[in-house]
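As structure tokens, the structure follows; a few thoughts come after it.
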Amino acid sequence: MKKVILLTGATDGIGLETAKLLAADGHELLLHGRNPEKLEVTKEMIAGVPGSANVESYKADFSDLEEVAALAHSILETHDRIDVVINNAGVFRSPSSGLANGLDLRFVVNAVAPFLLTRRLLPSIPDSGRIINLSSAAQDRVDLDALRGERSLDEMSAYSQSKLALTMWSHHLAQELESEGPAVIAVNPGSFLGSKMVKEGFGMEGKDLRIGAEILYRLSTSHEFANITGKYFDNDSQRFSSPHPDALDDEKCAEVVQTLNSLIPSQ
């Protein structure tokens, strides 16, 4: 069955490669990007993939939570059903990590924005749907003061903590929904894949992006993952694995979710 799939961060890297695979399979794609010119080029490219069905584009800067809220509203205005949400957009290095509201860019883009977007879109995601969250092998204990913007971190600490925060809210959401909602899976798509993030952050070419794209394609569409939720898939080992212990601690996950809720705009 063809699905309606929202893919954030679709204009380059793993997101773009995943869009190509999904388009070739005939799924209806809602592509998100931050840069309007790149987004339009990407939309035309994906629409030209043999087998491609309907392709739409949505612009939003994930460092601005009001834009993220507006993105959710725009999608819900035109779609009453989203079968799969792939929260792929992320950032590691930036010339300036501090936002005007005092929050850290990495926490906002990598954890808070997808949390907000997913929460707003939940009513449109059927019980058979899937929420795929891009985590990382780099996971570090979340400093709630840093998450709230009350303490500064170096870029690697902020990145790894943001990815654990995302993994923790994935676990919490899966428990909250249980069998009455869509499946939620956090995934490390592969370490040091050849994305712009890896090239700029670590000065290396990285491995084939299709390694990450193929697991996102499978997690989104394959029956092998139809009845799995609340798990963490490590594509480095190509199996479900254990994330950082905090991601399995219900009390700590609840604290992170409570903090995230305090940071997002009200309805």
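Side chains are part of it too, since the values below use all heavy atoms of this structure and drop only hydrogens, waters and symmetry mates.
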Original post:
Checking side-chain contact (heavy atoms from CB on, under 4.5 Å) against L22, which of E28, K3, H27, E17 comes through?
Top reply: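 Testing each of E28, K3, H27, E17 against L22, the sole residue satisfying side-chain contact (heavy atoms from CB on, under 4.5 Å) is H27.
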Original post:
Taking N133 as the fixed residue, which of V187, N88, V184 is the one that meets the side-chain contact (heavy atoms from CB on, under 4.5 Å) rule?
Top reply: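 Passing option: V184.
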Subject >> Sole candidate of D234, T167, N87, N110 that passes side-chain hydrogen bond (donor to acceptor under 3.5 Å, both in side chains) when paired with S135 >> reply: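 Exactly one option meets the side-chain hydrogen bond (donor to acceptor under 3.5 Å, both in side chains) with S135, and it is T167.
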Nearest atoms (heavy-atom pairs only) where [X] meets [Y]:
X: P36; Y: K59; result: CD-CE, 3.9 Å
X: P114; Y: V109; result: CD-O, 3.2 Å
X: L216; Y: I132; result: CD2-CG2, 4.1 Å
X: T221; Y: R130; result: N-NH1, 3.6 Å
X: L39; Y: T11; result: CA-CG2, 3.8 Å
X: D236; Y: G190; result: OD1-CA, 3.4 Å

Subject >> Chi angles and distances behind the side chain to side chain contact (heavy atoms under 4.5 Å, CB included) call for L65, V112 >> reply: CA-CA 8 Å; L65 295 177; V112 187; 3.8 Å; yes
Please answer whether the main-chain N or O of [Y] pairs with a side-chain N or O of [X] as donor and acceptor at a distance below 3.5 Å.
X: R81; Y: P126; value: no
X: D154; Y: S157; value: yes
X: K38; Y: A10; value: no

[X] vs [Y] side-chain heavy atoms within contact, under 4.5 Å:
X: V257; Y: F115; answer: yes
X: I46; Y: T42; answer: yes
X: T118; Y: W169; answer: yes
X: I131; Y: T229; answer: no
X: L166; Y: L134; answer: no
X: L173; Y: R119; answer: yes
X: P265; Y: L116; answer: yes
X: N54; Y: V4; answer: no

**OP:** Among R148, R151, K252, find the one that has a salt bridge (charged side-chain N to carboxylate O under 4.0 Å, His left out) with D143.
**Re:** R151
Output the distance between atom [atom1] ([X]) and atom [atom2] ([Y]), rounded to the nearest 0.5 Å.
X: M168; Y: L164; atom1: CE; atom2: CG; result: 5.5 Å
X: L209; Y: K20; atom1: CG; atom2: NZ; result: 9.0 Å
X: R218; Y: N235; atom1: CZ; atom2: CG; result: 7.5 Å
X: F62; Y: E67; atom1: CZ; atom2: CD; result: 10.0 Å
X: C253; Y: L248; atom1: SG; atom2: CG; result: 7.0 Å
X: L6; Y: H79; atom1: CG; atom2: NE2; result: 9.5 Å

Starting from [Y], can I reach [X] by hopping between I/L/V/M/F/W/Y residues whose side chains sit under 4.5 Å apart?
X: Y217; Y: M45; value: yes
X: V84; Y: Y232; value: no
X: I264; Y: L121; value: yes
X: I86; Y: I211; value: yes
X: V41; Y: L7; value: no

Subject >> Verdict with reasoning, F240 to I228, per side chain to side chain contact (heavy atoms under 4.5 Å, CB included) >> reply: CA-CA 10 Å; F240 285 101; I228 297 173; 3.7 Å; yes
Are there more than 12 heavy atoms of other residues, nucleotides or ligands under 6.0 Å from atom [atom1] of [X]?
X: K231; atom1: NZ; value: no
X: Q258; atom1: CD; value: no
X: N227; atom1: CG; value: no
X: D80; atom1: CG; value: no
X: E77; atom1: CD; value: yes

Original post:
Can a donor-acceptor pair be found between the side chains of D250 and H171 at a distance below 3.5 Å?
Top reply: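 Side chains of D250 and H171: pair found under 3.5 Å.
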Subject >> Electrostatic pair R106:D104 at N-O distance under 4.0 angstrom >> reply: yes
**OP:** Check step by step if side chain to side chain contact (heavy atoms under 4.5 Å, CB included) holds for I82 and L76.
**Re:** CA-CA 9 Å; I82 308 295; L76 292 174; 5.6 Å; no
